Amino acid sequence: MHIWVDADACPTVIKDILYRAAERKQLQLTLVANQPLRVPPSPYINTLTVTSGFDVADNEIVERCQAGDLVITSDIPLAADVLKKGAHALSPRGERYTKDTIGARLNVRDFMDTMRASGVQSGGPPPLNQRDRMQFANHLDSLLANVKKA
């Protein structure tokens with residue numbers, strides 16, 4: 001399993017959890033962003049800087065991920081694309097996207113886009129809280145439980 005992170009919008013506290021997990025499980029972790037990132041020195045932790053542009057990082061993740069990999073993203077269309085490839089997808093808030101739930105999540109996202117386009121202010125998501133962090137860590141541990149060390 002390789003862990004891919006849609007890193008431009010991923011909270012630092014979530015990245016820290018991922019760094020520890022990559023070291024503990026000796027798994028490759030790649031943070032994909034359109035700007036250089038600082039990461040701890042590790043043979044398991046890498047960054048991939050892509051050019052700026054609409055969905056450039058997302059497209060790179062979809063192209064590189066494989067079945068069984070894990071993608072961390074809050075981007076619903078990206079989650080849908082990696083699920084189609086047989087990868088796992090988890091949001092930084094700890095929501096595990098599945099083939100059974102992604103259709104409904106895409107519908108809600110599209111509805112909210114339509115509302116925003118018509119002038120309705122949605123305000124965005126609330127700040128990440130302790131419950132979100134715990135939910136993320138628990139789902140991550142669950143996904144990594146059966147992964148063998150390298």
Side-chain angles (χ1 to χ4, degrees), residues 1-113 124-150:
M1 176 185 281
H2 191 120
I3 303 171
W4 299 93
V5 182
D6 184 5
D8 286 319
C10 187
T12 301
V13 67
I14 299 302
K15 291 176 193 170
D16 290 340
I17 293 169
L18 289 165
Y19 300 150
R20 289 190 300 274
E23 288 291 328
R24 183 179 72 246
K25 286 296 217 173
Q26 298 178 349
L27 293 171
Q28 290 299 309
L29 169 69
T30 303
L31 292 93
V32 182
N34 62 19
Q35 59 189 344
L37 299 171
R38 291 177 132 188
V39 297
S42 168
Y44 306 108
I45 303 170
N46 304 292
T47 62
L48 176 61
T49 305
V50 297
T51 59
S52 294
F54 185 71
D55 286 345
V56 174
D58 297 356
N59 293 339
E60 193 69 29
I61 291 169
V62 170
E63 183 176 318
R64 291 177 181 248
C65 85
Q66 299 177 12
D69 285 354
L70 172 60
V71 175
I72 310 300
T73 185
S74 56
D75 186 293
I76 307 299
L78 172 56
D81 288 344
V82 301
L83 287 171
K84 287 177 193 168
K85 290 187 77 171
H88 305 279
L90 182 63
S91 84
R93 292 183 176 277
E95 178 183 0
R96 184 157 180 209
Y97 305 111
T98 67
K99 291 180 180 181
D100 293 333
T101 63
I102 198 67
R105 294 292 287 130
L106 281 167
N107 288 337
V108 169
R109 177 200 174 272
D110 292 344
F111 173 74
M112 294 306 292
D113 277 352
L128 199 68
N129 61 39
Q130 185 63 31
R131 182 180 172 278
D132 296 327
R133 288 179 227 151
M134 289 299 298
Q135 186 169 321
F136 177 82
N138 290 340
H139 280 293
L140 180 64
D141 284 346
S142 173
L143 285 165
L144 299 181
N146 296 321
V147 175
K148 306 256 189 279
K149 286 189 177 183

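All values derive from a computational prediction rather than experimental measurement.
- The side chain to side chain donor-acceptor pair (under 3.5 Å) check on Ser91 picks up nothing, with sequence neighbours excluded.
- Shown here are the side chain to side chain donor-acceptor pair (under 3.5 Å) partners of Arg64, two or more places apart in sequence or in another chain: Glu60.
- Rounded to the nearest 0.5 angstrom, Ile45 CD1 and Leu18 CG are separated by 9.0 Å.
- Between Tyr97 and Ser74, the shortest heavy-atom contact is OH-CA, 3.8 Å.
- Applying the salt bridge (Lys or Arg N to Asp or Glu O under 4.0 Å) criterion to Asp132, with sequence neighbours excluded, gives Arg93.
- Taking every heavy atom of both residues into account, Arg96 and Thr101 meet most closely at O-OG1, 4.1 Å.
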Can you list, pair by pair, the side-chain donor-acceptor contacts under 3.5 Å of residues 1-14, counting residues two or more places apart and other chains?
| residue | atom | partner | partner atom | Å |
| --- | --- | --- | --- | --- |
| His2 | NE2 | Thr30 | OG1 | 2.7 |
| Trp4 | NE1 | Asp69 | OD2 | 3.1 |
| Asp6 | OD2 | Thr73 | OG1 | 3.0 |
| Asp8 | OD1 | Asn34 | N | 3.1 |
| Asp8 | OD2 | Asn34 | N | 3.2 |

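- Taking CD of Gln130 as the start and CE of Met134 as the end, the distance is 6.5 Å to the nearest 0.5 Å.
- Taking CG of Leu144 as the start and NE2 of His88 as the end, the distance is 9.5 Å to the nearest 0.5 Å.
- Look at Arg133 and Asp16 and you find no salt bridge, because none of the NZ, NE, NH1 or NH2 atoms lies under 4.0 Å from a carboxylate O.
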Candidate pair Leu48 and Ile61, rule side-chain contact (heavy atoms from CB on, under 4.5 Å), full reasoning: CA-CA 10 Å; Leu48 176 61; Ile61 291 169; over 6 Å; no
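- Listed here is the closest heavy atom pair of Pro77 and Asp75: CD-OD1, 3.1 Å.
- At a threshold of 4.5 Å between non-hydrogen side-chain atoms, the residues Tyr19 and Leu31 count as touching.
- The two residues Pro43 and Glu23 make their nearest non-hydrogen contact at CD-OE2, 4.5 Å.
- Atoms CG and CZ, on Asn138 and Arg131 in that order, are 10.5 Å from each other to the nearest 0.5 Å.
- In this view, Asp55 satisfies the salt bridge (Lys or Arg N to Asp or Glu O under 4.0 Å) rule with no residue, not counting sequence neighbours.
- Heavy-atom minimum distance, Leu29 versus Ala22: CB-CB, 3.8 Å.
- Across Cys65 and Val82, no two heavy atoms sit closer than the pair SG-CG1, 3.6 Å.
- In this structure Asp81 satisfies the side chain to side chain donor-acceptor pair (under 3.5 Å) test with no other residue, sequence neighbours excluded.
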